[in-house]
There are 2 protein chains.
Amino acid sequence: MTEYIPPATRFVDLPDGFAMKRGGSLYGARIGYETFGQPNAARDNAVLLLTGLSPDAHAAAHPDDTTPGWWEAMLGPGKPIDTDRWHVICVNPLGSCKGSTGPASVDPGTGEPYRLTFPDLSIEDIADAAAWTVRALGFDELACVIGASMGGMSALALLARHPGLARHHINISGAVHSLPFSIAVRSLQREAIRSDPRWNRGRYDEESYPRQGMAVARKLGMMTYRSAREWDVRFGRARLRPEPHRQGPAFGPEFEVESYLERHAQRFLRRFDPNSYLYLSRCIDWFDLAGACGKPDSDAGGPGPAGEAVAVDAEAALARLDLARALVIGVQTDILFPLHQQRQIAEGLYAGGTDVQFLPLDCDEGHDAFLVDTDRFGPPVAKFLWAL
Amino acid sequence: MTEYIPPATRFVDLPDGFAMKRGGSLYGARIGYETFGQPNAARDNAVLLLTGLSPDAHAAAHPDDTTPGWWEAMLGPGKPIDTDRWHVICVNPLGSCKGSTGPASVDPGTGEPYRLTFPDLSIEDIADAAAWTVRALGFDELACVIGASMGGMSALALLARHPGLARHHINISGAVHSLPFSIAVRSLQREAIRSDPRWNRGRYDEESYPRQGMAVARKLGMMTYRSAREWDVRFGRARLRPEPHRQGPAFGPEFEVESYLERHAQRFLRRFDPNSYLYLSRCIDWFDLAGACGKPDSDAGGPGPAGEAVAVDAEAALARLDLARALVIGVQTDILFPLHQQRQIAEGLYAGGTDVQFLPLDCDEGHDAFLVDTDRFGPPVAKFLWAL
């Protein structure tokens, strides 16, 4: 499924026997990444960028791939994440289909795609694989780790499990765990995919792709990534065709908001592997920072025999993180990772002695605001990085 | 599909040739209703109750059917809607499958169920059919019309199209029209049903019912009827089984919130006709009070030749309603009919000279709060009715 991988994505091999948190190991696995800007002589200017569920590693244009990336407005020379100063490493999450090993990859043990034989995936595995990648690229310490959405969870897991790897952190629209409304949203997205007959318990192919299930999942995603307030202004009750006209039995799209969702869904189809979507979606539900304290890099804390540490609550887990400074940003219209979850991160870090700035933003664009509202996100991110 | 109809529901025949707003006419159609309490000698104590999308006419227990109804806590002797004083008529909406004629009913012209040959359904048709029912039962004037959710829309349409039928009104979690987020929710619910192969363009039967599509539609409904805040408290991250355990490939429910949604979905299946759901859902999207001013009972205003009046905006349409007193209630956690829509109703009625009380309630239960939070809804409803 190489069509998902951006052309300039490079790869780091994970060590054979890479142990997954919930059991199982990977052999011959790799992590896809791209870099932006140059390392300095001291090699102390590396910034790790951890993504949400769907992005690839091509966050912005660079000399090897000049097409715009998914965070083009934020990342580049002279931009808020200024690649004239920083050497940014953007990692495609383990379990994705856009460069890193995941359910669509070939299992070297069988020569067939993993599909549902891929081991259970955890945010902690994504964090461990990213940490491995950073070290494999020759960096023992990051100037900053930045994570947004699911990447905000991955960043917290990385900080918990790899103390000392980063002492500065920007967390955008992240959370220490998922709450029931967002669990319900993702559960229903997965149900839409699983109940598409073409999903076929994961054994679809290019000719028989679960289009309908993926379309519903994507539409439900868009509905929770944005906000009602944005759509009131953007679409109102605008229609595709003048009223009245006999609709007939099709019950098809009539309002512009329906057409907008349909366009986004169609654009998503065949650009994401459905099994990979299921694995990544579920690991967001499972994640709980209180259980992420098993630190592969030290003897402190650590998981119980079954791999789950439940001895500390999320607040205590945040307070344990060894950070000097952090910027935590949330958006008031976010219904997926609501603002009180970013306040919780900021308060927990503060309780642990981190110099924290908590920035609630009044954007209309909900959970996705960081992708579009550069006017509001750019200056505080630039200022935080400038002062490091 | 008589299994949908409560045992004590009675019927009023609509006149043959009952004209539908968007075209087409009904022959041999009927409206299902139940009554609670007795008419007084002056016949001036009738209260009309208009329901949301899914309820039947059995709002509460009465001598002919002592099983509890869907608004049991609010309606009955000594309750907020006190049937010792009021004669309450609850009408099942036209287009439903729970007593009134709808897509599951037999078309007398063919002897077969209408299915998708049922004419386009509008909120205005539901209002006109309810007004006909009230008059057929011998009431020229209602003491009050009460509508919640879709019923709040139906009530506004009835007041616009049948001036003089009621001069007191309680509107609960209603709206003058649908906004794009709620249109998107309903559009996706309809897509889930339509894309279920068993829907078969409306030609399912008992043996081949679109269970999966209806389940997804109902779950998405529950997610928007309630609130994230309620679920944070009610479910948190509680699991069905202790963690960790190998989940395997099924991706089935693991969190209590998923099990709750599954139980509600299963309970809904085969208790609602899918085509009826599609028709009712779409008429909520279409409704705009600005277009409902065509008054069958007078020459004032009226629709244009194509059946849509667009000359007035919603605020002006509200101001035109000839009401003496109104109570408008909304809920701060409602994401489907958000609170600013109830404020809009109250402000529009006030601008037209109605004595309005606007009551924003801080319930956790979102759009469905009126069904469960009797402590908050009961007293103001009782007080409003007591003072009539």
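Chain letters run A, B, ... following the sequence lines, proteins first and then strands; every chain starts at 1.
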Interface moiety of [X] toward chain A, non-hydrogen atoms closer than 4.5 Å:
X: B:Pro197; value: side chain
X: B:Leu278; value: both
X: B:Ser182; value: neither

Closest-packed option against chain A by number of heavy-atom pairs under 4.5 Å, given [options]:
options: B:Ser178, B:Gly23, B:Ala192; result: B:Ser178
options: B:Arg226, B:Met223, B:Arg190; result: B:Met223
options: B:Leu179, B:Ile335, B:Asn275; result: B:Leu179

Heavy-atom pairs under 4.5 Å with chain B, option from A:Leu261, A:Ile183, A:Val185 with the top count: A:Ile183

Residue, of A:Ala184, A:Ala215, A:Ala228, that accumulates the most heavy atom pairs under 4.5 Å with chain B: A:Ala184

A:Ser227, part contacting chain B, at a heavy-atom distance under 4.5 Å: neither

Region of A:Asp196 in contact with chain B, defined by heavy-atom distances below 4.5 Å: neither

With the threshold set at 4.0 Å, does a side-chain nitrogen-carboxylate oxygen contact exist between [X] and [Y]?
X: A:Arg237; Y: A:Asp232; result: no
X: A:Asp285; Y: A:Arg186; result: yes
X: A:Asp125; Y: A:Arg161; result: no

Distance (rounded to the nearest 0.5 Å) between B:Phe255 CZ and B:Trp231 CH2: 14.0 Å

Point-to-point distance, once rounded to the nearest 0.5 Å, from CZ of A:Arg234 to CG of A:Asp364: 11.0 Å

Minimal non-hydrogen separation, A:Glu254 against B:Trp286, with atom names: OE1-NE1, 2.7 Å

Nearest heavy atoms of A:Glu191 and B:Glu262, plus distance in Å: OE1-OE1, 4.4 Å

